[in-house]
K.L.:
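Sending over a structure as structure tokens; questions will come in a sec.
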Amino acid sequence: MRTERRTTRIRPIIRLVTALAALIGAVVLGALSPVSAQAGTKAPSAAAAAAATGLHISNGRLVEGNGNDFVMRGVNHAYTWYTGQTQSLADIKALGANSVRIVLSDGHRWTKTSPAEVASLISQCKSLRLICVLEVHDTTGYGEDSAAGTLDEAADYWITLKDVLAGQENYVIINIGNEPWGNTDPAGWTAPTIAAVQKLRAAGFQHTIMVDAPNWGQDWQGVMRANAQSVYNADTTGNLIFSIHMYSVFDTAQEITDYLNAFVTAKLPILIGEFGGPADQYGDPDEDTMMADAQSLKLGYLAWSWSGNTDPILDLAINFDRNQLSAWGQRIFNGVNGIAQTAKEATVYGGGSTGDTQAPTTPGTPAASAVTATSATLGWTAATDNVGVTGYDVVRVDGTTETAAGASATTTAAITGLTPNTAYTFAVYARDAAGNRSSRSATVSVTTAKAPAVGCSVAYRVTGSWPGGFQGDITIRNTGATAISGWTLGFSFADGQTVANMWGATAAQTGTTVSVAPAPYTSVIPAAGSVSLGFIGTSGSANSVPTAFTLNGSACTLG
């Protein structure tokens, strides 16, 4: 079967109401204020701290047995539906990941993953030098999805695997159940979560345990945030980490930064256990902020998902082929703050060893090819290293200023999101597993092509409205005989409307004039093809439809 990605998004009009409810609830429940949360943080007992082995929690952070931070940089793999895709873990590692979250089943909803299979998966992770997060998916959306199982059933399944998991604390984290509560009475999440954690501890598990949030993992009502301290305190070992799933609920930088910082300030461990970037009809997740905040706060992230999604825009690799990364896959593996640029192998495998202080040699001067109006491909000769080069960082050079432009585990990188008819200068650094960085390569100058004149038509419609706001759809059709690679859509509002957020593209507005630039996955409009965008807008009593549109400066017909 196809992967059932049931991370339910909240429709925009509902979010306007529920955001107020969540804010009120946070005040009533005392949701992780810096003073009260820090005062309430419960350290594990001296005996528990002394017994900590393998991956564990220390001072609010995930660390290895030697006390070094371990920051996950990896992806999710839907093993339970694709047991024949045995190459996937090796491919994920080859692209630079240091960890992988693997979908299992306890048999409630899908075929039970046997102890022999779990043992084999752990062995593969260890041979590939990956940290392995194992999760039971059958709990997804409990309370709202009648087919979902309980956390208690998931805990019982983990106990049947105790012999397989014992002794693997250095390499394995147990994620009790995926998104174990839907949007129906999410306050009911807390007690079963505590009970499942305590059941595993009573059975003798010493592993770090991961718990997912309610609201299909997105915690948009703040239940996990408000109750995280009590859940953490219920684990006598202190080796528990919270997992937030970030999709279209998290479509602004402020929402993401506020949520993650609430946990960090309270010294409660957290990571982004799933996240998506491509927009859908409910919003456009701000993956750039998710990845940037994870990097600056030194928090883990695990992107959803390798391949096989019912919604293929979330496939990182097309048809499980690591040589066919989607735009989403390129963003995760090779983009700014992506896996190739930021992942460090666990020290239990020798990664990050302080014994290696020798930097790689300087990469060759990059050369540009396939230059379009909005992208260019760079290639260079490989650097060498006494241990091994693990990746390359591409930077944009502007005088004495450098800006990260991309990363790659190979000697080529596709740089996207460039402005038409603009000159750029790029250079490359090489990295090794210990984090040593080479000197900068010589630079290459690239001037993007002019945006081509196009034939186009635009259909604009209002799909819903409420006092003070509305939702709109825009469909851009390429009426020409060649594909449009890179575009800018322009139009004006007549009644003072504004674009609040947009999915499928990014909008900038000055007064009544709106300029729309594509997302990576909508930047190409095939000949005789189209792309669709959606947005939430504000309006007064009048909300007339724009009467003229341009694409790359060319006038478009309507309809």
Side-chain angles (χ1 to χ4, degrees), residues 7-24 183 215-216 218 220-221 246-256 258 276-289 311 313 456-478 487-523 525 530-551 555-559:
T7 300
T8 297
R9 277 62 173 233
I10 309 305
R11 289 178 173 82
I13 191 168
I14 298 174
R15 289 187 58 209
L16 295 173
V17 178
T18 55
L20 292 174
L23 178 61
I24 294 169
N183 292 325
N215 295 127
W216 300 89
Q218 296 198 80
W220 57 269
Q221 289 178 295
M246 290 185 165
Y247 292 93
S248 53
V249 165
F250 291 91
D251 57 3
T252 69
Q254 195 65 52
E255 289 168 323
I256 295 159
D258 286 351
D280 63 18
Q281 66 267 41
Y282 303 121
D284 187 358
D286 184 358
E287 70 275 14
D288 290 342
T289 298
D311 186 352
I313 63 170
C456 54
S457 68
V458 175
Y460 176 106
R461 66 191 182 107
V462 174
T463 59
S465 61
W466 52 90
F470 68 103
Q471 182 168 333
D473 283 350
I474 301 173
T475 299
I476 308 170
R477 292 184 176 83
N478 178 1
W487 50 266
T488 300
L489 177 72
F491 63 92
S492 295
F493 285 120
D495 301 316
Q497 303 99 314
T498 63
V499 176
N501 71 43
M502 179 171 279
W503 50 97
T506 302
Q509 185 166 349
T510 302
T512 61
T513 302
V514 181
S515 177
V516 180
Y521 51 90
T522 58
S523 63
I525 310 177
S530 66
V531 296
S532 294
L533 322 172
F535 69 96
I536 300 299
T538 64
S539 64
S541 57
N543 186 18
S544 57
V545 172
T547 57
F549 295 86
T550 62
L551 196 69
C556 300
T557 60
L558 301 179

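Everything numeric in this text was worked out from a predicted model, so none of it was measured.
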K.L.:
With sequence neighbours excluded, tell me which residues meet side-chain hydrogen bond (donor to acceptor under 3.5 Å, both in side chains) with T289.
P.N.:
D286
K.L.:
Can you tell me how far the CD1 atom of I474 sits from the OG atom of S530, to the nearest 0.5 Å?
P.N.:
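One gets 13.0 Å once the value is rounded to the nearest 0.5 Å.
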K.L.:
What are the two closest heavy atoms between S539 and G469, and how far apart are they?
P.N.:
OG-N, 4.0 Å
K.L.:
At their closest point, which heavy atom of G277 faces which heavy atom of P285, and how far apart are they?
P.N.:
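Taking G277 first and P285 second, the nearest heavy atoms are O-CD, 3.6 Å.
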K.L.:
Can you name the residues that form a side-chain hydrogen bond (donor to acceptor under 3.5 Å, both in side chains) with T506, not counting sequence neighbours?
P.N.:
none
K.L.:
Residues in salt bridge (charged side-chain N to carboxylate O under 4.0 Å, His left out) with D258, at least two apart?
P.N.:
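Counting only residues at least two positions away or on another chain, D258 forms no salt bridge (charged side-chain N to carboxylate O under 4.0 Å, His left out).
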K.L.:
So, using side-chain hydrogen bond (donor to acceptor under 3.5 Å, both in side chains) as the criterion, who are the partners of T550 when residues are at least two apart?
P.N.:
none
K.L.:
Could you tell me which non-hydrogen atom of M246 sits nearest to which non-hydrogen atom of Q218, and how far apart they are?
P.N.:
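Minimum heavy-atom contact is C-OE1, 4.1 Å.
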K.L.:
Roughly how far apart are L551 CG and L489 CG, rounded to 0.5 Å?
P.N.:
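Between atom CG of L551 and atom CG of L489 there are 6.0 Å.
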K.L.:
Please report the shortest heavy-atom distance between S544 and A494, naming the atom on each side.
P.N.:
OG-CB, 3.7 Å
K.L.:
By ring pair (Phe, Tyr, Trp, His ring centres under 6.0 Å), which residues pair with F491, not counting sequence neighbours?
P.N.:
F493, F549
K.L.:
Find out whether L533 and I476 are in side-chain contact, i.e. whether some heavy atom of one side chain is under 4.5 Å from a heavy atom of the other.
P.N.:
yes
K.L.:
By side-chain contact (heavy atoms from CB on, under 4.5 Å), which residues pair with V545, not counting sequence neighbours?
P.N.:
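With neighbours one apart ignored, the set is Y460.
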K.L.:
Do you know which two heavy atoms are closest between A279 and G504, and how far apart they sit?
P.N.:
CB-N, 3.2 Å
K.L.:
My understanding is that only residues two or more places apart in sequence, or in another chain, count here; which of them pass side-chain hydrogen bond (donor to acceptor under 3.5 Å, both in side chains) with S457?
P.N.:
none
K.L.:
Show me the donor-acceptor pairs, under 3.5 Å and distance only, between side chains in residues 509-519 and residues at least two apart or in other chains.
P.N.:
residue, atom, partner, partner atom, Å
Q509, OE1, V499, N, 3.1
Q509, NE2, Q497, O, 2.9
Q509, NE2, G511, O, 3.0

K.L.:
Which atom pair, heavy atoms only, marks the closest approach of T522 to W487?
P.N.:
O-NE1, 2.9 Å
K.L.:
With S532, which residues qualify under side-chain contact (heavy atoms from CB on, under 4.5 Å), at least two apart?
P.N.:
T475
K.L.:
Would you compute the distance between atom SG of C456 and atom CZ of R477 and round it to the nearest 0.5 angstrom?
P.N.:
11.5 Å
K.L.:
Taking only residues at least two apart or on different chains, which pairs with a member in residues 458-475 satisfy salt bridge (Lys or Arg N to Asp or Glu O under 4.0 Å)?
P.N.:
R461-D473
K.L.:
Run the numbers on I536 and W503 for side-chain contact (heavy atoms from CB on, under 4.5 Å), then give the verdict.
P.N.:
CA-CA 9 Å; I536 300 299; W503 50 97; 3.8 Å; yes
K.L.:
Could I get the full list of side-chain contact (heavy atoms from CB on, under 4.5 Å) partners for T547, not counting sequence neighbours?
P.N.:
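T547 satisfies side-chain contact (heavy atoms from CB on, under 4.5 Å) with no other residue.
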K.L.:
Just how far is it from atom CZ of F535 to atom OG1 of T498, taken to the nearest 0.5 Å?
P.N.:
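So the gap between those two atoms works out to 9.5 Å.
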